[in-house]
Amino acid sequence: MPLLEIDDLAVTFATPGGDVRAVDGVSLSVDEGGATAVVGESGSGKSQTAFSVLGLLAKNGRATGAVRWDGEDILNAPDRRLRTLRGEEIGIIFQDPMTSLNPFMRVGSQLAEALTEHRGVSRREAEREAGRMLDAVRIPDAKARLRQYPHEFSGGMRQRVMIAMALLNRPRLLIADEPTTALDVTVQAQIMELLADLRREFGMALLLITHDLGIVAGACEETVVMYGGRVMEKGPTADLFAAPTHPYTVGLLAAVPRIDGDGDLAAIPGDPPDMSRPLPGCPFTPRCPLAHAPCPTVRPPMDGRRACHAPVPDVRALAARLAPEAAE
Amino acid sequence: MLVYSIKRILVAIPVLLILVIVSYLVMVLAPGGPTSSERTLPAAVIANIEARYGLDQPLWKQIYDYVENVVLRFDFGPSFLRRDLSVNDMIAQGFPVTLTYGALSFVLAVAVGVPLGVVAAVRQNTWLDYLAVGFSVGAQVLPNFVMAPILVVIFTVWLGWLPAGGWNGGAPENLVLPVIALGTSFMASIARLTRSSMLETMNSGFIRTARAKGMPMRKVVLRHALKPAMLPVISYLGPTFVGMITGSVVIDYFFSTGGIGGFLVNAALNRDYSTMMGITILIGALTILFNLLVDLTYAWIDPRIRY
């Protein structure tokens with residue numbers, strides 16, 4: 001049994017302009033101690049998928065389907081149950097470490113309350129443990145740092161604080177929502193390395209939400225590719241990278257900038273879908289070179305690996321059509 | 001922070017000086033003067049009066065003498081209107097009155113307005129929110145000059161519980177109506193400001209982090225959201241407090257409380273230059289002081305602000 005199993009999840013936001021379906025029929029799973037990446041561009045619904053697990057959707061959001069945690073359905077669980085999940089069984093870190101920490105509170109207090117909330121420990125003991133955790137995420141001079149405020153930390157250091165906070169209760173799963181997006185490239189690599197080390201150390205599972213295929217390969221065994229709120233393709237990361245079977249995955253991989261490239265960025269032509277007026281069929285249809293009759297109207301079934309009406313494409317030829325600049 | 005405060009107080013000196021000069025010029029430039037009245041006085045009498053109050057001096061000399069008196073002797077001069085009272089006497093008599101009902105009114109407005117705004121924000125779009133917003137809007141469309149007569153009609157005329165006016169040394173029954181009449185609309189503004197500021201704070205990333213730690217809503221609000229949400233409210237409270245303790249013209253007039261608001265109106269109507277100047281300087285100095293306090297409170301709440 002997987003540790004976390006998301007089954008046919010749908011998330012809808014009520015907006016003045018009508019309902020917006022951000023996530024539509026997403027299923028994925030994370031094994032105990034395993035790592036799954038959810039990859040997609042902005043607005044693909046990947047973050048909302050992660051937020052639904054912990055009931056952290058914005059007030060106007062509604063989630064349906066099932067989220068099974070160790071077999072227990074926790075989607076829309078009562079607040080009491082969600083509070084023991086949050087921080088204690090499942091840790092989460094967010095995209096922007098600049099705004100995710102409270103600028104009005106000392107870092108030590110913010111860390112300590114994650115512990116005192118879940119365990120019967122004194123503030124002193126909690127702060128000591130927080131100091132040890134700052135050491136573990138390799139923040140130098142941890143003891144003095146506890147007394148500082150978030151604005152006295154750099155972006156990378158703040159993300160380390162967030163990671164320390166998420167790990168204080170030794171959760172079985174860490175959800176990392178775009179953990180490196182707001183950081184410099186060199187800092188990105190450090191944070192990803194840190195996450196990999198901590199995963200090994202604590203035997204913790206990881207659900208990594210990202211738009212950056214570059215960080216997925218080394219970090220996750222399983223990958224789920226999302227577009228327009230739907231899963232396009234999923235499978236072992238190695239297979240997905242070596243032999244993508246969905247036109248969107250092919251395009252995504254072709255669009256990854258290469259160090260030996262000519263400097264031009266390849267992009268999939270077309271615009272992201274309008275989530276307030278979704279196509280009844282496959283959301284990628286308007287940008288897909290393989291689109292044909294059933295695509296815009298009939299929703300392609302998920303066959304375990306891919307949801308696509310077209311036959312498995314020839315990757316090289318398709319990549320050349322999807323991202324012509326990169327293929328040359 | 002101490003250095004900063006001292007600097008701010010030093011800057012206040014030229015600001016007050018400019019306030020004095022501009023107010024004096026505006027008073028003198030306005031048509032009419034202390035000696036104009038329905039009866040035309042003989043020129044000799046006018047000359048006498050002007051000499052008595054130094055109004056025959058050149059303008060710069062008048063202002064210079066005035067400032068000198070205020071600075072060296074802390075003397076705001078004699079009232080032009082009331083021979084029995086100096087301006088110092090009027091302030092000594094009237095300011096404690098307005099300070100009493102103004103401060104009480106302020107405490108009431110904050111004590112009710114802030115919790116009301118917080119509850120409305122946390123329970124956004126529930127009946128509690130609608131009730132709080134409805135109450136605020138209702139209170140805001142009833143400014144004190146409408147509130148005062150309504151209160152008197154209800155509590156004095158119909159129920160006969162409370163006196164319609166007078167001060168009586170600040171007896172509780174004399175305080176109730178002025179305090180409520182003055183405070184309601186401020187209470188409503190504070191509630192609305194708190195609510196919108198709280199809503200904004202509750203949408204910020206660090207509130208999501210706090211919830212993701214598994215904290216109950218009550219703790220998230222009190223420990224994480226309240227401080228940042230109060231910042232805009234505090235900016236509003238500084239000048240508001242000064243406005244409330246320096247007397248509401250309407251309250252002093254309507255309830256005959258004898259506060260400086262009443263003196264100020266009488267002075268303006270009768271060209272009592274020295275009284276107007278004295279009260280203007282008092283309000284100016286208090287405004288400067290409380291703006292400084294607001295800024296110091298900011299630095300105390302927000303660790304990113306250092307002076």
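Hydrogens, waters and symmetry mates are skipped; everything else that's a heavy atom, side chains included, is used. Because the structure is a prediction, the values reported are computed rather than measured.
- Between chain A and the options B:S204, B:G205, B:P303, heavy-atom pairs under 4.5 Å are most frequent for B:P303.
- With rounding to the nearest 0.5 Å, the separation of CG in A:L111 from NZ in B:K213 is 7.0 Å.
- When heavy atoms are compared at a cutoff of 4.5 Å, A:Q110 approaches chain B by way of both its backbone and its side chain.
- Shown here is B:R123, whose CZ atom has no more than 12 heavy atoms of other residues, nucleotides or ligands within 6.0 Å.
- Remark: B:R223 fails to qualify as a cation-pi partner of A:F104 under the 6.0 Å distance and 45° angle criteria applied to the six-membered ring.
- Side-chain contact between A:E113 and B:K219 is absent, with no heavy-atom pair separated by less than 4.5 Å.
- Atom CZ of A:R132 has more than 12 heavy atoms from other residues, nucleotides or ligands within 6.0 Å.
- For B:E200, the CD atom is loosely surrounded, since the number of other residues' heavy atoms within 6.0 Å does not exceed 12.
- In this structure, chain B has a heavy atom under 4.5 Å from the side chain of A:I92, while its backbone stays farther away.
- The two residues A:G55 and B:R211 have their closest heavy-atom pair at O-NH2, 3.4 Å.
- Per-residue counts of heavy-atom pairs under 4.5 Å with chain B were compared for A:N102, A:L168, A:T99; the largest is that of A:N102.
- The candidate from B:Q124, B:R304, B:M217 with the greatest count of non-hydrogen atom pairs under 4.5 Å with chain A is B:R304.
- Neither the backbone nor the side chain of B:I305 comes within contact range of chain A; no heavy atom of the residue lies under 4.5 Å from a heavy atom of that chain.
- A distance-only check finds no donor-acceptor pair linking the side chain of A:S100 to the backbone of B:T209 [under 3.5 Å].
- Heavy atoms closer than 4.5 Å to chain A are found nowhere in B:I207, neither backbone nor side chain.
- The part of A:E117 that comes within reach of chain B is its side chain, from C-beta onward, which places non-hydrogen atoms under 4.5 angstrom from that chain.
- Here the NZ-CG distance, from A:K59 to B:L199, works out to 6.5 Å after rounding to the nearest 0.5 Å.
- When the candidates A:H118, A:E88, A:R80, A:M98 are compared by the number of heavy-atom contacts under 4.5 Å with chain B, A:H118 comes out ahead.
- The closest side-chain heavy-atom distance from B:F206 to A:M105 is not below 4.5 Å.
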